[in-house]
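Model, not experiment: these values are computed from the prediction.
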Amino acid sequence: MINLKKHGILLEKTENGFETEAVFNPAAVRVGDLVHLFYRAVRPGNYSTIGHCILDGPLKVIERKDKPVLFPEKNYESQGIEDPRITEIEGTYYLTYSAYDRVNVFGTYATSTDLINFRKQKIITPKFTYREYKHLIECCSGLGDKYLFHYKLFKEHGLGAELYRKLFVWDKNIMFFPKKIDGKFALLHRIHPGIQLALFENFRDLTVDFWKDHLMNLEKHIVLNPKFPHESSHIGAGCPPIETKDGWLLIYHAAEDTPRGFVYHATAALLDLNDPRKELARLQEPLISPTFDWEKEGVVKNIIFPSGAVQFDDELYIYYGAADSRVAVASVGIHELLNELKKSKKQEL
């Protein structure tokens, strides 16, 4: 049994116009003794921007901006900028997020060197219709039916031909590893229902042909697929991976399909340092589950959505969205968590 402590709600919605409905799913990065949180802020109409606050240590809010740091400017993000994650690589901060236009979701990112000024970059996830996606992954014999879940769902519901041509495969939960692997950027992404890895030397490499080859060989790029009961629907990367001597520690979300609807948990896995597609261990039970009313009730019920983590001494602080309504934080001893992961691996064997 892991000794995890829930510290409670850290941020709630305010009267500021951009965050009157909800605040949740924060990216987190530590700079000295300060922690910067970049969180999803929602106003009426489910219109999302990115808010920013600063903590002194892991828990004390000392500054909160009254205006969003990032907001929609392009057509493909017209409905909102959602679910940010942040990673520092070689002196540059990469803030990844989902861009939503009411129909499609694409993964994109912005860069900064000071956490104040951000420069938006391009879409970096594949842009294929579900029909094109189906044809590409038919080359992969070992993927399983769930990789065609959305294609079959949309087909069964008889989407009109016009919408079917406009609807692209959703690729969400993108984030970078905090260092290059074999000289390449390492990007986690999520095509339902698993977590995949893309490696590339330069952002110019992310061409249509790159993604065609990636999808045609998707089973070779899988990091994790759903495995345990609490992962029965799908999983997605949560906090950017943390390097430890035992491997990359990945905190991720797991959606459990239950009679009362989806229940989202936070859980953890350990990945090989040289090849993160090699799973070394994963928890057989959730790390964080909705237990308090403020985790169970909100815009969406029963949601624990981890999206940022920082370490102070031996304690790992995990920031998460609770019920798609508020930002909360929990902590666990990182060595205790690593030992539990290694124990889980032995039990599985």
Is [X] reaching over with its side chain to a backbone N or O of [Y], donor-acceptor style, under 3.5 angstrom?
X      : Y      : answer
Asn217 : Asp213 : yes
Glu19  : Glu15  : no
Glu295 : Thr291 : yes
Ser233 : Glu256 : no
Asp145 : Leu148 : no
Ser331 : Leu316 : no
Gln79  : Gly45  : yes

Check side chain to side chain donor-acceptor pair (under 3.5 Å) between [X] and all other residues, then give those that pass, not counting sequence neighbours.
X      : result
Asp313 : none
His189 : Asp171, His214
Gln121 : Thr111

### Query
Apart from Val223 itself, what residues make up its hydrophobic cluster, given side-chain heavy atom links below 4.5 Å?
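So far as hydrophobic clustering goes, Val223 is joined with Met175, Phe177, Ile181, Leu188, Ile195, Leu197, Leu199, Leu224, Ile235, Trp248, Leu250, Tyr252, Leu271, Leu273.
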So which residues get pulled into Ile62's cluster when ILVMFWY side chains under 4.5 Å apart are joined, directly or through others?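 When side chains under 4.5 Å apart are linked, the cluster holding Ile62 also contains Leu34, Ile54.
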From [X] [atom1] over to [Y] [atom2], what is the distance, rounded to the nearest 0.5 angstrom?
X      : Y      : atom1 : atom2 : value
Lys296 : Ile304 : NZ    : CD1   : 10.5 Å
Tyr133 : Leu215 : OH    : CG    : 7.0 Å
Trp211 : Met216 : CH2   : CE    : 15.0 Å
Lys172 : Ser98  : NZ    : OG    : 5.5 Å
Asn16  : Thr14  : CG    : OG1   : 3.5 Å

Got a salt bridge between [X] and [Y], using NZ or NE/NH1/NH2 to carboxylate O under 4.0 Å?
X      : Y      : answer
Glu77  : Lys120 : yes
Asp275 : Arg277 : yes
Lys65  : Glu63  : yes
Glu279 : Lys227 : yes
Glu21  : Arg43  : no

| Checking ring-ring contact (aromatic ring centres under 6.0 Å, His included) against His52, which of Phe38, Phe118, Tyr39 comes through? |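 Single pass found, and it is Phe38.
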Should we count [atom1] of [X] as having more than 12 external heavy atoms under 6.0 Å?
X      : atom1 : result
Asp314 : CG    : yes
Lys220 : NZ    : no
Lys301 : NZ    : no

Regarding Lys67 and the six-membered ring of Phe18, is the cationic atom NZ or CZ under 6.0 Å from the ring centre and inside 45° of its axis?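 Cation-pi check for Lys67 and Phe18: fails.
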### Query
Can a cation-pi geometry be assigned to Lys184 and Phe200, taking NZ or CZ under 6.0 Å from the six-membered ring centre and within 45° of the ring axis?
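No.
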### Query
Mind checking whether Trp170 and Ile174 sit in one hydrophobic cluster, side chains of I, L, V, M, F, W, Y counted as touching below 4.5 Å?
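Yes: a chain of side-chain contacts under 4.5 Å links Trp170 to Ile174.
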### Task
Examine Leu70 and Leu37 and state if one hydrophobic cluster contains both, with Ile, Leu, Val, Met, Phe, Trp and Tyr joined whenever side-chain heavy atoms are less than 4.5 Å apart.
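Result: no, two separate clusters.
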How about [X] and [Y]: do any of their side-chain heavy atoms sit closer than 4.5 Å?
X      : Y      : answer
Lys13  : Thr20  : no
Ile318 : Pro306 : yes
His265 : His253 : no
Arg282 : Glu231 : yes
Asn75  : Asp101 : no
Val327 : Ile9   : no

Problem - Residue pairs fulfilling ring-ring contact (aromatic ring centres under 6.0 Å, His included) with at least one residue in residues 308-348, sequence neighbours excluded - result: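 Sorted result for residues 308-348: His7-Tyr317.
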field: Pairs satisfying ring-ring contact (aromatic ring centres under 6.0 Å, His included), at least one member in residues 64-88, at least two apart
entry: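 Counting only pairs at least two positions apart or across chains, no ring-ring contact (aromatic ring centres under 6.0 Å, His included) contact touches residues 64-88.
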Notebook entry, point to check: Under the side chain to side chain contact (heavy atoms under 4.5 Å, CB included) test, which residues partner Arg204, sequence neighbours left out?
Noted result: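 Partners of Arg204 under the side chain to side chain contact (heavy atoms under 4.5 Å, CB included) test: Asn202.
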Margin query: Going by the rule side chain to side chain contact (heavy atoms under 4.5 Å, CB included), which residues pair with Asn274 if we only count those two or more places apart in sequence or in a different chain?
Written below: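 In terms of side chain to side chain contact (heavy atoms under 4.5 Å, CB included), with neighbours along the sequence ignored, Asn274 is linked to Asp272.
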_Set of residues satisfying salt bridge (Lys or Arg N to Asp or Glu O under 4.0 Å) with respect to Glu12, sequence neighbours excluded_ =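 Testing Glu12 for salt bridge (Lys or Arg N to Asp or Glu O under 4.0 Å), a comparison that skips the adjacent residues, returns Arg326.
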Taking the inter-plane angle between the rings of His230 and Phe228 on a 0 to 90° scale, is it parallel (under 30°), tilted (30 to 60°) or perpendicular (over 60°)?
->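 It falls in the parallel class, under 30°.
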* Asked: Who passes ring pair (Phe, Tyr, Trp, His ring centres under 6.0 Å) against Tyr109, sequence neighbours left out?
  ->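 Checked Tyr109 against ring pair (Phe, Tyr, Trp, His ring centres under 6.0 Å); matches are Phe203.
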Pairs of donor and acceptor atoms involving the side chains of residues 85-92, under 3.5 Å and at least two apart or interchain, shall be tabulated with distances.
{"residue": "Arg85", "atom": "NE", "partner": "Gly238", "partner atom": "O", "Å": "2.9"}
{"residue": "Arg85", "atom": "NH1", "partner": "Asp83", "partner atom": "O", "Å": "3.2"}
{"residue": "Arg85", "atom": "NH1", "partner": "Asn173", "partner atom": "OD1", "Å": "3.4"}
{"residue": "Arg85", "atom": "NH2", "partner": "Asn173", "partner atom": "OD1", "Å": "3.1"}
{"residue": "Arg85", "atom": "NH2", "partner": "Ala237", "partner atom": "O", "Å": "2.9"}
{"residue": "Thr87", "atom": "OG1", "partner": "Phe176", "partner atom": "O", "Å": "3.0"}

